[in-house]
There are 2 protein chains.
Amino acid sequence: MSVVPAEPVESPEPAWRQRAVERSTRAAKLRAEQRVQRFLDAAQELIADKGTTDFTVQEVVERSRQSLRSFYQHFDGKHELLLALFEDALSRSATEMRERLSTVTGPLDRLKVAVDLLYDSSTPREGQQSPLFTDFAIQLLVSHPDQVATAHLPLLALFTELVEDAVKAGQAVTPRPRRTASLIMQTAMFTAQAPAAPVGAQPSRIGAEDVWEFCLGGITGAGQATGGESGTQKAAAPKKAATKRTTTKKSAAPKGATRTKA
Amino acid sequence: MSVVPAEPVESPEPAWRQRAVERSTRAAKLRAEQRVQRFLDAAQELIADKGTTDFTVQEVVERSRQSLRSFYQHFDGKHELLLALFEDALSRSATEMRERLSTVTGPLDRLKVAVDLLYDSSTPREGQQSPLFTDFAIQLLVSHPDQVATAHLPLLALFTELVEDAVKAGQAVTPRPRRTASLIMQTAMFTAQAPAAPVGAQPSRIGAEDVWEFCLGGITGAGQATGGESGTQKAAAPKKAATKRTTTKKSAAPKGATRTKA
DNA sequence: GTATGACGAGAATGATATTCTCGCTTCGAT
DNA sequence: ATCGAAGCGAGAATATCATTCTCGTCATAC
């Protein structure tokens, strides 16, 4: 990165030289990546152990049996480490979500499941798991909003697809699927994150169900399937555009099913 | 607080003694409150000046012309100071919002305006304003979720009223107004807070309008008034339950208007 | 075989929050 | 007016981290 020659792009820099350097470089790069990975793993362990992202750079260094020196040679700072972990987790999560969704068929059902999964992932666990979506994500949101947005891309892509599919199936309406997807994600993630009611209020915690209903029908109540198992179906029923599920599915579903893996 | 006698509630502790002590106490308490206020004011000024909550306790102390000693005698720590400021700001905001809403009539319009205002308050401003809703609020969400929830109460109460009114007017549907209100608030606040799209994507920033549409109709599209000025009206039209605005208003509106100030 | 760059160990720095020590005032009761 | 306790100011002392820097060592490329 900092090895860029001072001169601008003058001579195309003969390919052979490139390759020679590259060969020399490759090994080093590989070692570097291994080290980075060790830091990453160590951090991950610490997070799992302490259940929080409040670990110290020192701890990471010790656990990875490396040195502070090395750490700062590979990372711009703690925030970069966290960012790396964050991106990785979200990307991984998107992939896993796609897998689980492969067994679900209806566009709206798929979206609902996705919301459930996301909500679940974002719920703080005392025990273990990754608070990657939770506290830590929020900290980053303050300090490095852009990069957080980048990290969200994989999931956002997934949700956007889901929304688009639902729209194509005539089971949802929105002029800008991407924005809507973003709103759904945010609602699920932050709600899961949010604290229960403070005092002795009954409406305590807002669950994934509540989130789903809200996302589905907003406040005009299109999606008021308070019930249980396959609520999605019923939910959409009262709505005009969403009723002909069977019909629309015929025309739009194929595309939807395909895009899921794309 | 730490002056509680060791013995349990044995003798009802003669009232006169109580009063005597109380009288002695009152003055001190008053002085204490003044000092606290000075800290609060100083902090507020710093926030306004620097446009961030990254001020130092030292700075607060200096600005308030008091001492660290004193600061920690009155506050459990910096976070308590922030919390105090936060609660105050939110409470104040709820009040102000109520005022502005006093000129708006339709239940849904009122809710929309509230969402707009909240979104606006929560939008990060480089210049000045209160980062109290933004970065700082998020930090607290991580470290003191319960207290944040408490701080949200005033606004939550307001939004709950608005939602309930809308429901009573037949312009909204929800089994648990409080939860719905909470969801609306979160959506508005966090979305305003969220970063713009990372790459060169067009759908860039999600605006208050988008938030409102989403809250209104969810993804089933009950509220698709992409338009402008008094969009709310049109938005509700396509929905079955929401259409008879004129009709329902007759029966439910009076109650709604009343509660606004309650 | 030697120069170079990466590394480990750990000290040094710098920024902050929080605590502690020492006297000096002030307030309130007698 | 006087005394004792509590409150307070000034600022040193701690504690915690992140981040940087110094000094050798060692592996590797040439």
Side-chain angles (χ1 to χ4, degrees), chain A residues 1-3 16-39 42-43 46 50 52-84 136 139-140 142-144, chain B residues 1-4 16-17 19-39 42-43 46 50 52-84 136 139-140 142-144:
Chain A
M1 308 240 172
S2 49
V3 206
W16 65 265
R17 177 179 289 277
Q18 289 253 354
R19 260 175 282 132
V21 172
E22 201 267 338
R23 218 174 318 156
S24 282
T25 287
R26 191 156 37 202
K29 178 177 293 182
L30 217 156
R31 256 173 302 158
E33 276 170 12
Q34 283 183 309
R35 282 178 179 283
V36 166
Q37 194 53 53
R38 281 169 66 191
F39 283 124
L46 282 172
K50 323 210 311 181
T52 172
T53 56
D54 286 339
F55 57 78
T56 291
V57 174
Q58 271 298 339
E59 296 178 299
V60 174
V61 163
E62 285 162 15
R63 193 140 195 160
S64 68
R65 302 172 158 288
Q66 295 179 92
S67 66
L68 260 182
R69 178 79 169 61
S70 211
F71 179 85
Y72 283 102
Q73 180 149 21
H74 294 292
F75 293 93
D76 211 25
K78 186 182 180 182
H79 81 95
E80 255 208 16
L81 170 69
L82 292 178
L83 225 22
F136 156 24
Q139 288 176 227
L140 286 180
V142 176
S143 53
H144 307 274
Chain B
M1 307 238 175
S2 50
V3 207
V4 183
W16 64 265
R17 177 178 289 275
R19 259 176 285 133
V21 172
E22 202 269 338
R23 216 175 321 158
S24 281
T25 285
R26 192 158 33 205
K29 177 178 292 185
L30 218 155
R31 254 171 304 155
E33 277 170 10
Q34 284 183 307
R35 281 178 180 281
V36 166
Q37 194 53 51
R38 280 169 65 191
F39 283 124
L46 283 172
K50 322 210 313 181
T52 172
T53 57
D54 286 340
F55 56 79
T56 291
V57 175
Q58 271 297 341
E59 296 177 301
V60 175
V61 163
E62 285 162 15
R63 192 140 195 159
S64 69
R65 303 173 158 287
Q66 294 179 92
S67 66
L68 262 182
R69 176 81 168 61
S70 211
F71 179 85
Y72 283 102
Q73 179 150 18
H74 294 294
F75 292 94
D76 211 25
K78 186 183 180 180
H79 81 96
E80 256 208 16
L81 170 68
L82 293 178
L83 225 21
F136 160 26
Q139 288 176 225
L140 286 180
V142 176
S143 53
H144 308 275

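Below, chains carry the letters A, B, ... as their sequence lines are ordered, and counting in each starts from 1. Any value given below was found using the heavy atoms of this structure, including those in side chains, with hydrogens, waters and symmetry copies removed.
Classification of the B/H79-B/H144 ring pair by plane angle, with boundaries at 30° and 60°, yields parallel.
A straight line from CD of B/Q58 to C1' of D/dG11 spans 9 Å, rounded to a whole angstrom. One atom, CD of A/E62, and another, P of C/dG10, lie 10 Å apart when rounded to the nearest Å. Following rounding to the nearest Å, A/R38 (CZ) and C/dG8 (C1') show an atom-to-atom distance of 11 Å. Distance CZ (B/F39) to P (D/dC8): 8 Å, rounded to an integer number of Å. Computed from coordinates, the B/R69 CZ to C/dC22 C1' distance equals 10 Å when rounded to whole Å. B/D76 places its CG atom 11 Å from the C1' atom of C/dT18, with the value rounded to the nearest Å. Put simply, CG on B/D54 is 9 Å from P on C/dT16, counting in whole angstrom units. Straight-line distance from the CD atom of A/E80 to the P atom of D/dA18: 15 Å, rounded to whole Å.
Side-chain nitrogen and oxygen atoms of B/R35 include none within less than 4.0 Å of the OP1 or OP2 phosphate oxygen of D/dG7. Under 4.0 angstrom from either OP1 or OP2 of C/dC7 there lies at least one side-chain N or O belonging to A/Q73. Within the structure, a side-chain polar atom (N or O) of A/S70 is placed less than 4.0 Å from OP1 or OP2 of C/dG8. Phosphate proximity of C/dT19 to B/Y72: absent, as no side-chain N or O sits under 4.0 Å from OP1 or OP2. Applying the 4.0 Å criterion to OP1 and OP2 of D/dG7, one finds that B/H74 has every side-chain N and O outside that range.
Across all strands, B/F55 comes closer than 4.0 Å only to sugar-phosphate atoms, never to a base (heavy-atom distances). At the heavy-atom level, B/H79 lies nowhere under 4.0 Å from the strands shown.
Between A/R38 and A/S64 the shortest heavy-atom distance is NH2-O, 2.8 Å. In plain terms, the two heavy atoms of A/L68 and A/V61 that are nearest each other are N-CG1, 3.7 Å.
Counting only heavy atoms from C-beta outward, the side chains of A/R35 and A/Q73 never approach each other to under 4.5 Å.
Distance from the side chain of B/A27 is smallest for C/dG28 among the nucleotides C/dG10, C/dT18, C/dG28. Distance from the side chain of A/V57 is smallest to D/dA18 among D/dA12, C/dC7, D/dA18. For A/T56, whose side chain is taken as the heavy atoms from C-beta onward, the closest listed nucleotide among D/dC17, C/dC7, D/dG9 is D/dC17. Of the candidates D/dA18, D/dG9, C/dA17, the closest approach to any side-chain atom of A/K78 belongs to D/dA18. You'll find that the side chain of B/L68 is closest to D/dA12, out of C/dC27, D/dA12, C/dA11.
By the 6.0 Å and 45° rule, A/K78 stacks over the aromatic ring of A/F55.
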